[in-house]
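Read through the structure below, which is laid out as structure tokens, and then see the notes.
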Amino acid sequence: MQYLHTMVRVNDLDASLHFYCDLLGLKEVRRKENEKGRFTLVFLAAPEDEPRSERLTAPELELTYNWDPEEYTGGRNFGHLAYRVDDIYALCQHLQDNGVTINRPPRDGHMAFVKSPDGISVELLQKGDALAPQEPWASMENTGSW
């Protein structure tokens, strides 16, 4: 398993970039604009992590800016932890066998979400290419939120 990023939602992207980059010293390593989803993702890395971030896209801080205003309450501005895993199906089966709900099953062989006992969302991403879709994951519905 490899730590990837932590995602936080931000209300003012410019103010957040000023804080994280200009004041704290993180570096913007990439940016993704999604017009259909109406959001911008900005990935930041600490200066000493920048070479690893370029090679592995980790470890990073992901700033998510939703273009439509939203008030974040109850910790909703904190998004999720993300980990790259060797076999997403095996890990999800292990978690499920031990009583963990798979909130967003790995239907695509690439991504799943689970929650910690404290309700923190954890994103699991398949290392390398997505695995071929397989049951029971391919037809499993989402459960709750993530």
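In this chain, numbering begins with 1 at the start of the sequence shown.
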**Q.** Beyond-backbone contact of Leu63 with Leu17, side-chain heavy atoms, under 4.5 angstrom
**A.** yes
(Q) Using the salt bridge (Lys or Arg N to Asp or Glu O under 4.0 Å) definition, which of the options Arg30, Lys32, Arg31 pairs with Glu28? (A) Arg31
Q: Report yes if the side chains of Asn66 and Asp68 come closer than 4.5 Å at any heavy-atom pair, otherwise no.
A: no
Q) So Glu70 and Asn77, side-chain contact (heavy atoms from CB on, under 4.5 Å) or not? Walk me through it. A) CA-CA 10 Å; Glu70 181 178 342; Asn77 58 320; over 6 Å; no
Q. Can Leu23 be reached from Val42 by stepping across I, L, V, M, F, W or Y side chains whose heavy atoms are under 4.5 Å apart?
A. yes
Q: Grab the two heavy atoms, one from Thr143 and one from Thr101, that are nearest each other, plus how far apart they are.
A: CG2-CG2, 3.7 Å
Q: With side-chain contact (heavy atoms from CB on, under 4.5 Å) as the test, would you mind laying out the steps for Tyr83 and Val122 before giving the verdict?
A: CA-CA 8 Å; Tyr83 292 92; Val122 179; 3.9 Å; yes
Q. Less than 4.5 Å apart, any side-chain heavy atom of Asp97 and any of Gln93?
A. yes
(Q) To the closest 0.5 Å, what do you measure between CZ (Arg84) and CG (Leu125)? (A) 7.5 Å
Q | Flag, side chain of Gln126 to backbone of Asp86, donor-acceptor distance under 3.5 Å | A | yes
Q | Leu81 CG to Ser116 OG distance, which is reported to the nearest 0.5 Å | A | 8.0 Å
Q. Mind checking whether Ile120 and Leu91 sit in one hydrophobic cluster, side chains of I, L, V, M, F, W, Y counted as touching below 4.5 Å?
A. yes
**Q.** Within-4.5 Å side-chain heavy-atom neighbours: Trp137 and Ile102
**A.** yes
Q | From OG (Ser16) to CG (Leu24), nearest 0.5 Å | A | 12.0 Å
**Q.** Derivation of the side-chain contact (heavy atoms from CB on, under 4.5 Å) call for Ile88 and His110
**A.** CA-CA 7 Å; Ile88 198 165; His110 175 69; over 6 Å; no
Q.
Using ring centroids (six-membered ring only for Trp), state whether Phe39 and Tyr65 fall under 6.0 Å.
A. no
Q) Under 6.0 Å from the CD atom of Glu71, do we count more than 12 heavy atoms belonging to anything else shown? A) no
Q. Is there a side-chain contact between Glu60 and Leu26, using heavy atoms and a 4.5 Å cut-off?
A. no
(Q) With a 4.5 Å cut-off on side-chain heavy atoms, are Pro133 and Asp108 touching? (A) no
Q. Where do Ala45 and Ser53 come nearest, in terms of heavy atoms and distance?
A. CB-CB, 3.8 Å
Q) Linking I/L/V/M/F/W/Y whenever their side-chain heavy atoms sit closer than 4.5 Å, directly or via other members, would Met111 and Met1 fall into one cluster? A) no
Q. Does any non-hydrogen side-chain atom of Pro106 lie less than 4.5 Å from one of Leu124?
A. no
**Q.** From Thr64 atom OG1 to Leu41 atom CG, the distance as rounded to the nearest 0.5 Å
**A.** 4.5 Å
**Q.** Smallest separation among heavy atoms of Asn103 and Pro105, with atom names
**A.** O-CD, 3.7 Å
(Q) Hydrophobic cluster membership, with links at side-chain heavy-atom distances under 4.5 Å among I/L/V/M/F/W/Y: are Trp67 and Met7 in one? (A) no
Q | Separation between OG1 of Thr57 and CD of Glu62, rounded to the nearest 0.5 Å | A | 11.0 Å
Q | Parallel, tilted or perpendicular: ring planes of His80 versus Phe113, cut at 30 and 60 degrees | A | perpendicular
Q: Would you please test Leu4 and Glu123 for side-chain contact (heavy atoms from CB on, under 4.5 Å) and show each step?
A: CA-CA 9 Å; Leu4 296 178; Glu123 179 181 18; over 6 Å; no
Q: Decide whether Phe78 and Tyr20 are clustered together by the hydrophobic rule: side chain heavy atoms of Ile, Leu, Val, Met, Phe, Trp, Tyr closer than 4.5 Å, transitively.
A: yes
